[in-house]
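So the structure is just underneath, and the comments pick up after that.
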Amino acid sequence: LKVLSDSATEIRVELGTRSYAVLVGDDLLGSLMSFMPEKGWRKAAVLTDSNVGPLYAAGVVETLRAHDLETVLLEVPPGEGSKTFEQAFEVIGGLMESGFTRSDVMFALGGGVVGDLAGFAASVFKRGIDLVAIPTTLMAQVDSSIGGKTAVNLPAAKNQVGTFHQPVAVLCDILTLATLSLREFRSGLAEVAKYSLITSRDWGGELRADPRAVAEATPETLARVAAECVREKAALVSADERDTGVRHYLNYGHTLGHALEAAGGYDGTYSHGEGVSVGMVYAALVSEATGLGRKGLAESHSAMLVQMGLPVAPLAPAPGFEDIEPRMARDKKSDGGFVMVLLQEEGRPAVVRDLDPSLLRSCYDALLAGDFRK
Ligand code: NAD
Ligand code: GLY
């Protein structure tokens, strides 16, 4: 890797021969090839969606072509609905048609949907080609672009089909966040809040002190907060790449969050972060109800998330517990019973197995009733 601009931070994900750099900074897109490892690629595919493509793809394609890479642009519709087998097959068909070989590369330019889909396609095409992530949402910059999880959804539950396929580099250009809608920005803030809740490190003091400050953040603040989150994720991924232990903590709030998204048919009623936000309040209620968590956890979660403009209870009409329960049971952490990441207090997560379904139901009722509010 070449010398970084003054404003860029490099964080390493240490995974032996599959280690890679995550660059966080502003205006990285213009000089993206200077951050690429020497791989001898001849062709590049840029996968994006039809919101991000018109904003950023032309510049990326031009840069790649200027470096003698034969480049094709592939575009999918925006939204969770694109994380399907069918869409992955279409992407793979595009690579086949353009004569891609195993020594070529895929660039994922977009949010977590594009990243998960591109990663999945790149991991199975010819048994795996290189992947470079250029995340353009806060969600993707702080979470989904790092760690190599790829996925498509099934109607019954989210992320049920996927692979582990680490990228060879991740470029988080903070300036791309300028075009993000407030709703999508806040969705990313839910994952930032998650890091804040599962870690005892004071990586974002301004977030705890005044969450609203983050929503009005300058590029410098954003780059600092993003880099802190990336550091946290990189450490958990390096410690547990295959998600059998501490990496589970990153799923705080996701058990109910994923179930809400799936129950809505991935129709966009919940953004991923909105589902996680509601899911974290639920996880806090379950933590309290099991006796593991300190009293008042759900209330303080809720206060913080409301300040960030995030939902803290299921939107009406809320799905019934009988619809949610089987979806939560399919959580990938599960080995048969109900399993969730819970908190003893902020910074002290724990994976708890064999949770009592009736306790889960009563906590869901409490969530619907807003029982955690003062
Ligand atoms: P997304 O990819 O759907 O992006 C949200 C919206 O913002 C889309 O409409 C997109 O077109 C638009 N957009 C993206 N970048 C933009 C920009 N710079 N300017 C304007 N519009 C822009 O959603 P997301 O929140 O980025 O990601 C959510 C997905 O990520 C979910 O599928 C979730 O399961 C997945 N995820 C995966 C991991 C992982 O480890 N692999 C971790 C967290 C989340
Ligand atoms: N988003 C959860 C993980 O990467 O493990």
Side-chain angles (χ1 to χ4, degrees), residues 13 29 47-57 75-84 87 108-120 123 131 133-153 157-160 162-167 170 172-192 194-195 198 229-230 232-255 257-258 261-262 266 268 270-277 279 331-333 341:
V13 180
L29 281 193
L47 182 69
T48 190
D49 72 26
S50 53
N51 287 336
V52 179
L55 295 169
Y56 302 109
E75 212 171 85
V76 299
E80 194 65 34
S82 281
K83 261 177 64 172
T84 61
Q87 196 65 70
L109 175 68
V113 165
V114 163
D116 281 10
L117 179 69
F120 181 63
S123 72
L131 173 76
I134 308 182
T136 63
T137 61
L138 184 61
M139 165 72 61
Q141 295 191 352
V142 300
D143 192 345
S144 64
S145 65
I146 308 129
K149 279 190 183 175
T150 84
V152 294
N153 299 324
K158 225 174 113 95
N159 294 344
Q160 295 296 302
T163 52
F164 287 97
H165 186 63
Q166 300 293 342
V170 180
C172 302
D173 188 331
I174 293 297
L175 295 188
T176 61
L177 302 181
T179 49
L180 214 53
S181 68
L182 183 59
R183 183 179 178 206
E184 292 302 343
F185 184 78
R186 286 174 164 160
S187 177
L189 282 182
E191 299 283 10
V192 176
K194 173 192 79 182
Y195 287 109
I198 63 169
C229 294
V230 169
E232 193 61 40
K233 176 137 189 188
L236 290 170
V237 168
S238 297
D240 176 24
E241 182 186 14
R242 290 285 169 148
D243 200 18
T244 58
V246 289
R247 187 169 176 171
H248 284 348
Y249 299 160
L250 292 167
N251 268 336
Y252 188 57
H254 286 55
T255 308
H258 282 169
E261 278 188 82
Y266 312 109
Y270 291 91
S271 69
H272 180 64
E274 287 165 355
V276 168
S277 177
D331 189 292
K332 290 187 298 312
K333 293 184 295 303
V341 181

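Indexing begins at 1, ligand by ligand and atom by atom, following the structure's order. These numbers were taken from a predicted model, which means no experiment stands behind them.
- Taking only non-hydrogen atoms, the option from Lys149, Met139, His248, His254 nearest to atom 2 (C) of ligand 2 is Lys149.
- Atom 1 (N) of ligand 2 has Asp143 OD1, 3.4 Å as its closest protein atom, hydrogens excluded (heavy atom only).
- Nearest heavy-atom pair across Cys229 and Val142 is CB-CB, 3.8 Å.
- Neither the backbone nor the side chain of Asp243 comes within 4.0 Å of ligand 2, counting heavy atoms alone.
- For the residue pair Gln160/Asn153, the side-chain donor-acceptor check at 3.5 Å is not satisfied.
- Of the polar atoms of Lys194, none of the N or O atoms is found under 3.5 Å from an N or O of ligand 2, judged by distance alone.
- Among pairs with a residue in residues 232-254, those fulfilling ring-ring contact (aromatic ring centres under 6.0 Å, His included) read Tyr252-His301, His254-His258, His254-His272, at least two apart in sequence or across chains.
- Ligand 2 places these atoms under 4.0 Å from at least one heavy atom of Leu250: 2 (C), 3 (C), 5 (O).
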Short N or O contacts of ligand 1 with protein, under 3.5 Å, listed by atom name?
unit_1   : atom_1 : unit_2 : atom_2 : d
ligand 1 : 2 (O)  : Gly112 : N      : 3.1
ligand 1 : 2 (O)  : Val113 : N      : 3.0
ligand 1 : 9 (O)  : Asn51  : ND2    : 3.1
ligand 1 : 11 (O) : Asp49  : OD1    : 3.2
ligand 1 : 11 (O) : Asp49  : OD2    : 2.7
ligand 1 : 11 (O) : Asn51  : ND2    : 2.9
ligand 1 : 15 (N) : Thr136 : O      : 3.4
ligand 1 : 15 (N) : Thr136 : OG1    : 2.7
ligand 1 : 18 (N) : Thr136 : O      : 3.0
ligand 1 : 18 (N) : Thr176 : O      : 2.9
ligand 1 : 18 (N) : Thr179 : OG1    : 3.3
ligand 1 : 19 (N) : Thr179 : O      : 3.4
ligand 1 : 19 (N) : Thr179 : OG1    : 2.7
ligand 1 : 26 (O) : Gly112 : N      : 2.8
ligand 1 : 26 (O) : Thr137 : OG1    : 2.6
ligand 1 : 27 (O) : Gly112 : N      : 3.2
ligand 1 : 32 (O) : Glu80  : OE1    : 2.7
ligand 1 : 32 (O) : Glu80  : OE2    : 3.1
ligand 1 : 32 (O) : Lys83  : NZ     : 2.9
ligand 1 : 32 (O) : Lys158 : NZ     : 3.2
ligand 1 : 34 (O) : Lys83  : NZ     : 3.2
ligand 1 : 34 (O) : Lys158 : NZ     : 2.8
ligand 1 : 40 (O) : Lys233 : NZ     : 3.4
ligand 1 : 41 (N) : Asp116 : OD1    : 3.0
ligand 1 : 41 (N) : Lys149 : O      : 3.0

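- With 3.5 Å as the limit, one finds no donor-acceptor pair spanning the side chains of Thr255 and Asn251.
- Using a 4.5 Å heavy-atom cutoff, the side chains of Thr150 and Leu131 are not in contact.
- Considering backbone and side-chain N/O atoms, Lys233 comes within less than 3.5 Å of an N/O atom of ligand 2.
- From Glu232, atom CD reaches atom CG of Asp143 across 11.5 Å, with rounding to the nearest 0.5 Å.
- Contact detail for Val13 and Ile146: the closest heavy-atom pair is CG2-CG2, 3.9 Å.
- With sequence neighbours excluded, the residues satisfying side chain to side chain contact (heavy atoms under 4.5 Å, CB included) with Thr137 are Met139, Ala140, Leu180.
- With sequence neighbours excluded, the residues satisfying salt bridge (charged side-chain N to carboxylate O under 4.0 Å, His left out) with Asp331 are Lys333.
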